[in-house]
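Quick notes on the structure that follows.
Here is the naming used below: chain letters follow the sequence lines, and residue numbers restart at 1 for every chain.
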Number of protein chains: 2
Amino acid sequence: MRASDRAYRTLREDILQGTLEPGTVLGEIEQSARLGISRTPLREALGRLVADGLAAPSAGRGMVVTAASLADAGKLFDLRIALEVLAVRRAAETAADDPAAHDRFADLAGTFDRAISPLSQGADPTDYYALTQELDLAVDSSCGNAYLADSLRGVRVHLARLRRLSRHSPARLAETAREHAAIARAIADGNPELAAAATVVHLQQALAHLRTDPDSTTPPPDAVTDPGRSYTAPLKETTA
Amino acid sequence: MRASDRAYRTLREDILQGTLEPGTVLGEIEQSARLGISRTPLREALGRLVADGLAAPSAGRGMVVTAASLADAGKLFDLRIALEVLAVRRAAETAADDPAAHDRFADLAGTFDRAISPLSQGADPTDYYALTQELDLAVDSSCGNAYLADSLRGVRVHLARLRRLSRHSPARLAETAREHAAIARAIADGNPELAAAATVVHLQQALAHLRTDPDSTTPPPDAVTDPGRSYTAPLKETTA
DNA sequence: AATCACCCGTGTGTATACAGTGATCCTATG
DNA sequence: CATAGGATCACTGTATACACACGGGTGATT
C-alpha cells in the first residue's frame, strides 16, 4: 500500500477516534516524523483530510484538526436525512426486482433482530457498529447511484465524529437496532415509502438523543469552528 | 497564488470545457511540462481532480479524464433534485425572516424576468449563465448549511460537464429563465413548499430536455465509465 | 514606557533526484 | 504460428534539498 494512503487512514482514524483533538496543529515535519514517512506523501494525506473537512489550513499555523461540534449536528442531519431517504427509496426499488438484493436486506433485518436482546442487556456494541456499517454499505450499493453513495460517504465521516460525543445507553442501542431492522425489512420488502419513513424515524430519533445527551463536550477554544470545505469554496466561481 | 491552485483551476477548466476530452491520459510529466510547473504541485492538483470525480487513476496508464455520460444523468439529477429541493426550502425559510435575503432573491427574480425576452430572441446566454450561478450562490449561502452547499458543489461540477453535451435553443433558455424566476420569487416570498415544487419542475424539465436532445454525443471508447469517487471508496471500511 | 522596525526562526510551497513497479514488446520455444 | 517468459522502458511514488513567506521576538528610538 502507498505511504500516503497509510498516512491518510492513520490520521483520519486518529481524528475520528479523538486521539488528535480538534485544534491540534498537524505540522508537516512533525507528522511525517511521527508516521515515519516523508513530507510529500503526508501532504497528500493532509490534502485529502482537508477535502473531507477533517482538517483546515490555519494561516501561519499549518493544518489544524477541525472541530466536531454538536452545534451543527442539526445541519448535518438535515442533509443526512435527505440523502439516506433517497438512498433507501432506491434500494427498496432495487430489492423489489432483484432477489439477491432482497435476500441481502432480509438477512440484515434478521441479524439486527437477533442483536436487539443482547444489546439491551449491555453487550459490547462493537459488532453492532460493524453491522450498521454493513447496512450502510448494502444501501450504498443497492441504491444504484454512485453520486449519491459518494455524498453519503462525506456525511458519514462527520457523523462518525459526532457519535463519539454522546454516550449510548443499552436501551438506546437496542432501540436503534430495532429501527435498523425495520429499515432493512422495508427495503427487503421492496417498500420504498415504508423504508423512507422508517429512515426518517430512525434519524430523527438519533438526532434527538444526540441533543439530549448530557455529555455535550465543549470544543477547545482555539478550534476551527466549521469549515465544511470552505477552503475550496472560493474556487466555486470558476465552475461556470 | 499557489502553483498547485493554478494547475487545478486550469485542468478543471480544460476538462469542463472539453479541451481535455474524456479518456485523455493526464501524465504527470507531460502535464507539468505543459503547465510550466513541477510534478509536485501538479500531483496535488490531480488529487483534487480525483476527489471531484473529474479524473481517475487508471492502472498503469496514470490519471485519465473521466467520462461525462448522459447515461447516468438520471442518477445525477436524482441526487441533485433531493439536494436542491432541500436547499431552496431552507433558503425560503431564511428569506421569510431575513429582509436582506428577501431582497437578494427578489432582485434575482426581477433580473431573471428581464432576461426572458432577450433570451427568447437569441441573445448571448453567457450573462444568463452567470446569473444562474449567482442564484446558486445565493441559495447556497442562504440555506445556512455548509454541508449541503458542499454536496451541491460536488454535484454541480458534473452538471457543468453535462451542459456541454446539449444544445440550448432560445426557446428553452427563455423557459429556464422563467423557471428560475419562479424559484427565486418563491424563495423571496418565504414560501418553502412553492420553492421546492418550482425547483422540481425546473429540474425535471432540464433533465427531460437533456435526454431528448439529439446531440447525444457518444463518449470515446476508452473512457472511464463513471468512477464517482470509487477511487477512495475502498477506504469506506475504515469509517467505523 | 510604548511603539515601530528589523532580524531570526519555523514552516510551507516547490523543484529535483531516486527507486520501485507495472506494462509492453520482443524473443524463444513448444 | 501461438504462447509464455523475460527484459527493457516509462511512469508513478517517495525522499530530500532549497526558496520564500509569515510570525515572533528583541532592540532601539521617540
Side-chain angles (χ1 to χ4, degrees), chain A residues 1-12 14-15 20 23-66 221-224 227 229-232 234-235, chain B residues 1-12 15 20 23-66 221-224 227 229-235:
Chain A
M1 180 185 304
R2 295 188 304 180
S4 59
D5 285 344
R6 268 199 318 254
Y8 173 64
R9 292 196 185 198
T10 305
L11 285 173
R12 200 171 98 145
D14 286 349
I15 294 174
L20 291 171
T24 304
V25 176
L26 299 175
E28 293 184 1
I29 299 171
E30 172 199 359
Q31 291 301 318
S32 61
R34 184 174 79 96
L35 299 174
I37 59 176
S38 83
R39 280 181 53 214
T40 308
L42 179 83
R43 279 177 69 85
E44 187 179 324
L46 288 179
R48 287 161 79 179
L49 290 176
V50 170
D52 286 344
L54 295 179
S58 177
R61 289 194 305 165
M63 292 290 181
V64 184
V65 177
T66 58
D222 60 342
V224 179
R229 287 179 202 155
S230 56
Y231 176 53
T232 58
L235 290 163
Chain B
M1 182 185 302
R2 294 187 305 179
S4 59
D5 284 344
R6 268 199 319 253
Y8 172 64
R9 293 195 183 199
T10 304
L11 286 172
R12 200 171 100 146
I15 294 174
L20 291 171
T24 305
V25 175
L26 299 175
E28 294 184 1
I29 299 171
E30 172 198 358
Q31 291 302 318
S32 60
R34 182 173 80 96
L35 299 174
I37 58 174
S38 83
R39 280 181 54 215
T40 308
L42 180 83
R43 281 177 67 85
E44 186 179 325
L46 288 179
R48 287 162 79 178
L49 289 176
V50 170
D52 286 344
L54 294 178
S58 178
R61 290 195 305 164
M63 291 292 181
V64 181
V65 177
T66 58
D222 59 342
V224 178
R229 285 180 204 155
S230 55
Y231 176 52
T232 57
L235 291 163

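Across all non-hydrogen atoms, the minimal contact from A:Val25 to A:Glu30 is O-OE1, 3.7 Å. Considering all non-hydrogen atoms of both residues, A:Leu42 and A:Glu28 come closest at CD2-O, 3.1 Å. The two residues A:Ser58 and A:Val64 make their nearest non-hydrogen contact at CB-CG2, 3.3 Å.
Looking at residues two or more places apart in sequence or on another chain, you find no salt bridge (Lys or Arg N to Asp or Glu O under 4.0 Å) involving B:Arg6. Scored by the side chain to side chain contact (heavy atoms under 4.5 Å, CB included) test, B:Thr10 finds B:Asp14, B:Leu35 as partners (sequence neighbours excluded).
In this structure, CG of B:Leu42 is placed 13 Å from C1' of D:dC11, rounded to the nearest angstrom. Between the CD1 atom of B:Ile29 and the P atom of D:dT12 there is a distance of 6 Å, given to the nearest Å. Taking atom CZ on A:Arg43 and atom P on C:dG11, their separation rounds to 14 Å, with Å as the unit. What separates CG of B:Asp5 from P of C:dG13 is a distance of 9 Å, to the nearest Å. Rounded to an integer number of Å, the gap from CD of B:Glu44 to P of D:dG13 is 15 Å. If you measure from atom CD of B:Glu30 to atom P of D:dC11, you get 9 Å, rounded to the nearest angstrom.
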Taking only nitrogen or oxygen atoms into account, show me every contact under 3.5 Å that the protein makes with nucleotides 15-21 of chain D, one pair per line with its distance.
residue, atom, partner, partner atom, Å
D:dA15, OP2, A:Ser38, N, 2.8
D:dA15, OP2, A:Ser38, OG, 3.0
D:dA15, N7, A:Thr40, OG1, 3.0
D:dT16, O4, A:Thr40, OG1, 3.1

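Judged by distance alone, with hydrogens and angles left aside, the side-chain atoms of A:Thr24 form no donor-acceptor pair with the main-chain N or O of A:Val65 at under 3.5 Å.
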